[in-house]
K.L.:
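There's a structure below that I have some questions on.
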Amino acid sequence: MPGTKDRWFKFLLLMPAVLWVLAFTVYPLVAAVRYSFSSYVMGRGIVGWVGVDNFTNVLTSADFWHSVLITLIYTVVAVGLEVIIGVALAWVIHLNMPGHKVFRAIITAPLFTMGVAVGYLGVTLFSSNGGLYAHLLAQIGIEVPWLSTATGGLSAAILLDVWRWTSFIFLITLAGLGGISEELYEAALLDTRNQWTVFRYVAMPLLKPVVSIALLLRLVECFKTFGLPYALTSGGPGTSTQLFSTMDYLTTIQFFDFGKGSAMGVTFLVLVSVVIVIFFRQMRRQIE
Amino acid sequence: MAHDDDKHQQAGRLLQSFFQGRITRREFLTRASALGLAAAYPGLFTARARAAGGNLMDSADVAPYESPITPERAKFLKDKPYKGTTINMMVIKSTVGDAVKHHGPHWEEETGGKVNIAEVPISTLHQQIFTDLSTGLGRYDIYQTGAWFYGDYFVPDEPYIIPVEDFLKDPKFPYWDPDEMMPAIRNLYTWNNTLYGVLFDADAQVLYYRKDVLNDSGNQKKFKDKMGYDLPAPPKTMKEFHDVADFFTGWDWNGDGENDWGLALHAKVNEQGFFHFLTLAAPYVISKDNNSFWFDPDTMKPLITSEGHLRALKDYVKFIDNGPREMLSWTLGQGWNLFLAGKSVLEPTWGDLPTLAQDEKNSKVKGLVGAAPIPGTTESYDPIEGKWRKYDMNLVGNVNGGSWHGVISRLSKNQEAAYDFLAFMANRKNEFFDVTHGWTGVQPGVKYAFLKPKGTATLEQYKEQGWNPGDVKEFTNAYYDNLVNPIQETYLRIPGAAEYWHEIDVRVSAVLAGQKDAKQALQEISDAWEKITDRYGRDQQKALYRASIGLTS
């Protein structure tokens, strides 16, 4: 019975992947849902079942909604800037400007840095006490109390995120541009003799699927951002720059309130899923 | 009232006599119990456990890093008893962790053992310790703990850490004597009258000030012209404290061409800035008539919304204008740097500051550092009785900070070796080295670290380590006076203490940043505390809290 043998062989090949998903996706998700209905005390484990109390707690918590808002602002502004700058830079490099090879190497470097390290570096760069960025920006009239105010702290974190991740969009877009036929560019350029018009009406429509995927990946990643903003401001002053990930980390990991932390995680998962589903629908419509 | 005043004065005198060696321990215990001190200083009443007696030697060839040493210890070391044994210790990534790293190779040389030291930032230390313990991994034999973690070690039926009193009875281990610890500090190493921690660090906050600036005749005249009274050196009340900070803010009093500041603080969230508030708020609430700062011991209801706490917070917020606004994002070292650079007149902080001031590469203030206990109030609110009480002067001592020290994991398979290493660092030679070297971050909490007649140290001993004599006198005397003050701010050590404090940390930071009204912030802290208490179990928390402030049932 070669058919049966084949089937078993396929199962065997699939098994590692299935086990992986069960162990590291399904089990944690089920455990989180279970914890979210419980009261958990470090050292004793689950000490009782509390129904939907944890969810009520989360949904009525001003701190939770504030962290969701801060996460949304952070994500929309940072990813928005990264896409605009990344695509623009990719187009400029694609035009083979002088020195483009060196520039391409330099611009991809931040991608290899660690978020936490960038965050700690930011503390020195944005310090009003001789920090390089703070000093340079002050020279052009931008004097902001970067790390001691909500707006300053969030802006500094976003700027560092943009510095770090723009190269990701850049690389994907550059690859996308390379995949478009040179003949198309040449024909369009003969017609218009204007690079902006070629970019706007030829490159951009053809790049849409590629940029959409890059955008989606960045959105998902950015919603989870933790290391960089945490190292930079620790969520302060107060909780003013506290992203969802920071709040959930403190609640669950730092203070071992697995019940409330899990309820926060499940709630946030639902909220983000809604955003991603809407995004997918829009994207599909645009591409079709 | 007069009777209570007497009692407190007697208690203070009694403690001083004991630590100055004028009365014996037995005499102290008898007289203290007559005064009802037993409840306040339970750590003093644990069984005397030292084994060495008078049988101590100054040194031994086999133990170049220990003094004094017992003959049994010297004999024990001859065979390199821990050859082949490796112990793992988790330390805070900070100066106190560096001190452990300094002693590790010395212990290895003497005993043949090996010690692995893992450094963890303060923001994740608690989490890493309790993850290791609660998951049963037990990768570490020793944790360098903050004193506020204690409650969490005792949540399970079988505590996560082991007592050290049996080890103390065995003379083969390095010699150290818990009776030499200041009672307020020893309390932090003790749980239910049993010693769990091994001597290392002894944190407390006092006020450091620039002696030269406050004693400058020009500044004194300007201050009197502006404020209408003599410039206090140092400020003794909170009002004077604020006046001095205000006066020196925003002008070039050090002549370097830049405006300078009245005060330095650090206030980044998830660091240690909230200790400043706890320290400075104490005299608004704690007094000889009230030692409840955190909760009503009968109901476990938070007291943080009291009028005393509110006034304390409103006054505390005013300090943010006396230093750079960046203080809101500063970590501890950044706060110290302002004072060390000679740009701030005042800083309420830990003893690291005067020790760091001795390093002339990084300090412009060596020889210029004055120190005094934290200023007091003339009025204090009793949140239990719900009324303000007036005093001539209400000075409150504190042991705020981590008082970082080693505790031994119940899961350790090398408990003897682990204790040996901790006791090695607690040995007088090493402890005194740590206390007198700023880079170790270790603060004085033992008799022999304080200058005569308060303790037994001499000025020469400090001068040998590069100390300016004036600075060391100021520092150790103020530190001592703070620790023996019979009115002490109670230290929160119940389970979840880190979580309770986190709520203070972020809400106070929000008030400092102008994002929240003081009253609203305190109400939010109170609400959050109620939820934490309910989660841990109100009855258990109440019982532990009552025990922590010396109430027996």
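These values consider heavy atoms only, across backbone and side chains, with no hydrogens, waters or symmetry-generated copies. Within every chain, numbering begins at 1; the chains are lettered A, B, ... in the order of the sequence lines, protein sequences first and strands thereafter.
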K.L.:
Hey, could you give me the OG1/CG distance between A:Thr233 and B:Asn270, rounded to the nearest 0.5 Å?
P.N.:
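It comes to 9.0 Å.
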
K.L.:
In the structure I gave you, are the side-chain heavy atoms of A:Leu147 and B:Trp330 within less than 4.5 Å of one another anywhere?
P.N.:
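No, side chains not in contact.
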
K.L.:
Is A:Ala231 close to chain B through its backbone or its side chain, or both, or neither, when contacts mean heavy atoms under 4.5 Å?
P.N.:
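A:Ala231 touches chain B through backbone heavy atoms alone.
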
K.L.:
Does a salt bridge link B:Arg507 with A:Asp63, judged by any charged N lying under 4.0 Å from a carboxylate O?
P.N.:
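Salt bridge: yes.
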
K.L.:
Working to the nearest 0.5 angstrom, can you tell me the gap between A:Lys260 NZ and B:Ile532 CD1?
P.N.:
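Interatomic distance, A:Lys260 NZ to B:Ile532 CD1, rounded to 0.5 Å: 8.5 Å.
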
K.L.:
Which pair of heavy atoms, one from A:Gly238 and one from B:Val269, lies closest together, and at what distance?
P.N.:
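So the minimum-distance heavy-atom pair works out to O-CG1, 3.7 Å.
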
K.L.:
Specify the closest pair of heavy atoms between B:Arg535 and A:Asp257, including all atoms of both residues, with the distance to one decimal.
P.N.:
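So the minimum-distance heavy-atom pair works out to NE-OD2, 3.1 Å.
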
K.L.:
Kindly assign one of parallel, tilted or perpendicular to the pair A:Phe255 and B:His502, based on the angle between their ring planes and the thresholds 30° and 60°.
P.N.:
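Plane angle between 30° and 60°, so tilted.
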
K.L.:
If I compare all heavy atoms of A:Ala150 with all of B:Gln515, which pair ends up nearest, and what's the gap?
P.N.:
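That would be CB-NE2, 3.9 Å.
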
K.L.:
Need one label for A:Tyr249: side chain, backbone, both or neither, based on atoms under 4.5 Å from any heavy atom in chain B.
P.N.:
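Side chain only.
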
K.L.:
Enter the distance from B:Thr124:OG1 to A:Gln254:CD here, rounded to the nearest 0.5 Å.
P.N.:
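Going from OG1 on B:Thr124 over to CD on A:Gln254, the span is 7.0 Å.
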
K.L.:
What heavy-atom pair brings A:Trp146 and B:Glu326 nearest, and what distance separates the two atoms?
P.N.:
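Taking every non-hydrogen atom into account, N-OE2, 4.4 Å.
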
K.L.:
Can you tell me which portion of B:Tyr153 sits under 4.5 Å from chain A's heavy atoms? Options are side chain, backbone, both or neither.
P.N.:
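Neither part; nothing is under 4.5 Å.
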
K.L.:
For B:Lys268 and A:Leu232, work out which heavy atoms get closest and say how close.
P.N.:
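Smallest heavy-atom distance, with atoms named: NZ-O, 3.5 Å.
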
K.L.:
How long is the gap from OG1 on A:Thr251 to CD on B:Glu499, to the nearest 0.5 Å?
P.N.:
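It comes to 8.0 Å.
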
K.L.:
Would you say that more than 12 heavy atoms from the other residues, nucleotides or ligands in this model lie under 6.0 Å from the CZ of B:Arg538, or not?
P.N.:
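Counting neighbours around CZ of B:Arg538, more than 12 heavy atoms of other residues, nucleotides or ligands fall under 6.0 Å, so yes.
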
K.L.:
Quick one: does B:Arg325's side chain have a donor or acceptor within less than 3.5 Å of a partner on A:Pro145's backbone?
P.N.:
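No; judged by distance alone, with no hydrogens or angles, the pair does not exist.
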
K.L.:
Locate the shortest heavy-atom distance separating A:Tyr230 from B:Ser123; write the atom from each residue and the value.
P.N.:
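Taking every non-hydrogen atom into account, OH-CB, 3.9 Å.
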
